[in-house]
Amino acid sequence: MKIAALISGGVDSAVAVHRLVEQGHDVHLFYIRIGLDNGEGDCSAEEDIEMCTFIAKHYGLPFEVVSLHQEYWDSVMAYALETVKQGLTPNPDIMCNRVIKFGYFDERWGHKFDKTATGHYATTLLGEDGLIYLGTAPDPVKDQTDFLARITYKQLSHAMFPIGDIPKSSVRQIAMEVNLPNAYRRDSQGICFLGNINYNDFIRRHLGERPGPIVELETGKKLGEHRGYWFHTIGQRKGLGLSGGPWYVVRKNVADNAIYVSRGYDTEKQYGTEIRLNEMHWITRDPKLTEISFKNRHMPDFLTGRLIPLEDGCYRIESEQKVQGIAPGQFAVIYDRDHRICYGSAVITL
């Protein structure tokens, strides 16, 4: 098959390329370039491109750098900024996969190929109904189906995940065995294409600072000041600058620019068992499930509960476990009870 392989300079996408070549595919490499939000280049991108160029030469493959700079800032980061401005918690990685990697890229370049391959830890499964489903990876710590839970069926049908069936340890081992130069390169910790840019610095540059009170929820006592509610999210513990903790952010009041916190590792205020959802998105089809497993943020563990449809077209998750840090604006990702299939996602609401 003719494969468009998205590579980043990291070990995951490099080993994905190696496996595609081993399988005998006709592979064309692409690097999606996104400059900084001031329109200038990104030094880390130059290093990534140099690594990608080496991988292309190593396997004798064509390599192309393509730009989706404007599309990224007009869609993904505009969404992130508007979400945090509303006092909500965005997930740029989820939107990036849908809009950029499997969206604009496929529309402009990927559609010329049989498949678009990425280094995501995920799989695809063929259901008894003949439809394709998004399957989880065997490595629960690295599983990235939650970041793919907003893609469309058309996008999934055109996607390949060459390393999704093996654990991270095997990926590193393969990279060492075939002497890939990035075998020991650290994994990227940045948000999608933001790379080494500090997220708070990015928010500060666009939204500025707006000092307001940090208030203890139980007593109403002012404990300190924050520099803007958009720097904080529900469930957050670090970065509050408060002594005598631990303190958790449990509520935000956007109108009053106030952050409410509660103290203690096991404070009940940071937990909940009901999650209300809207904007439900099913990747393949509505599975009509009641008994589900789910995630309310990126983590290795799956929670279990019941998915209840509501009359207004929204849904409610009734969790069997206490859920920490239920943050409006984030996505709840829905799986079957055995967390083998990722069916889709919805936005967590107040």
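Values below: all heavy atoms of this structure, side chains included; hydrogens, waters and symmetry mates excluded.
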Using atom types as modelled and distance alone, determine if a side-chain donor or acceptor of [X] lies under 3.5 Å from a backbone N or O of [Y].
{"X": "R204", "Y": "R227", "value": "no"}
{"X": "Q236", "Y": "K238", "value": "yes"}
{"X": "E320", "Y": "L303", "value": "no"}
{"X": "N179", "Y": "A175", "value": "no"}
{"X": "D114", "Y": "K2", "value": "yes"}
{"X": "R150", "Y": "S345", "value": "yes"}
{"X": "T124", "Y": "L134", "value": "no"}
{"X": "R263", "Y": "G245", "value": "no"}
{"X": "Q330", "Y": "A327", "value": "no"}
{"X": "S157", "Y": "Y153", "value": "yes"}

Mind checking the [atom1]-[atom2] spacing from [X] to [Y]? Nearest 0.5 Å is all I need.
{"X": "H281", "Y": "I334", "atom1": "NE2", "atom2": "CD1", "result": "12.0 Å"}
{"X": "I326", "Y": "T349", "atom1": "CD1", "atom2": "OG1", "result": "10.5 Å"}
{"X": "H18", "Y": "L20", "atom1": "NE2", "atom2": "CG", "result": "10.0 Å"}
{"X": "R340", "Y": "T123", "atom1": "CZ", "atom2": "OG1", "result": "8.5 Å"}
{"X": "I341", "Y": "T136", "atom1": "CD1", "atom2": "OG1", "result": "8.5 Å"}
{"X": "T118", "Y": "M160", "atom1": "OG1", "atom2": "CE", "result": "10.0 Å"}

When you check the side-chain N and O atoms of [X] and [Y], is any donor under 3.5 Å from an acceptor?
{"X": "T290", "Y": "R306", "value": "no"}
{"X": "E274", "Y": "S319", "value": "no"}
{"X": "H111", "Y": "D106", "value": "no"}
{"X": "Y121", "Y": "D12", "value": "yes"}

Of the non-hydrogen atoms in [X] and [Y], which two are nearest, and what is the gap between them?
{"X": "C314", "Y": "N278", "result": "SG-CB, 3.6 Å"}
{"X": "N182", "Y": "A14", "result": "ND2-CB, 3.5 Å"}
{"X": "I7", "Y": "F63", "result": "CD1-CE1, 4.1 Å"}
{"X": "A122", "Y": "A137", "result": "N-CB, 4.0 Å"}
{"X": "T145", "Y": "D143", "result": "OG1-OD2, 2.6 Å"}

Before we go on, tell me: are the rings of [X] and [Y] under 6.0 Å apart, centre to centre?
{"X": "F30", "Y": "H28", "result": "yes"}
{"X": "F231", "Y": "H226", "result": "no"}
{"X": "H120", "Y": "F147", "result": "no"}
{"X": "F294", "Y": "Y343", "result": "no"}
{"X": "F202", "Y": "W73", "result": "yes"}

Inspect the surroundings of [atom1] in [X] and state if more than 12 heavy atoms from other residues, nucleotides or ligands are less than 6.0 Å away.
{"X": "K85", "atom1": "NZ", "result": "no"}
{"X": "R251", "atom1": "CZ", "result": "no"}
{"X": "E50", "atom1": "CD", "result": "no"}

inquiry  = Who clusters with L88? Use side-chain heavy atoms, under 4.5 angstrom, across I, L, V, M, F, W and Y, and order the result by chain and number.
reply    = none
Remaining members of the apolar cluster that contains Y335, side-chain heavy atoms under 4.5 Å = F302, V333
Ion pair present between [X] and [Y], side-chain N to carboxylate O less than 4.0 angstrom?
{"X": "K222", "Y": "E225", "result": "yes"}
{"X": "E216", "Y": "K221", "result": "no"}
{"X": "E64", "Y": "R33", "result": "no"}
{"X": "R285", "Y": "D129", "result": "yes"}
{"X": "R19", "Y": "D165", "result": "yes"}

request  = Using the rule that two of Ile, Leu, Val, Met, Phe, Trp, Tyr join whenever any of their side-chain heavy atoms come within less than 4.5 Å, decide whether V17 and M1 are in one cluster.
outcome  =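 Both belong to a single hydrophobic cluster.
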ask   = Any cation-pi pair here, K252 with Y229, using under 6.0 Å and within 45°?
value = no
Minimum side-chain heavy-atom gap E318-I308 below 4.5 Å =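 Counting from C-beta outward, E318 and I308 do come under 4.5 Å.
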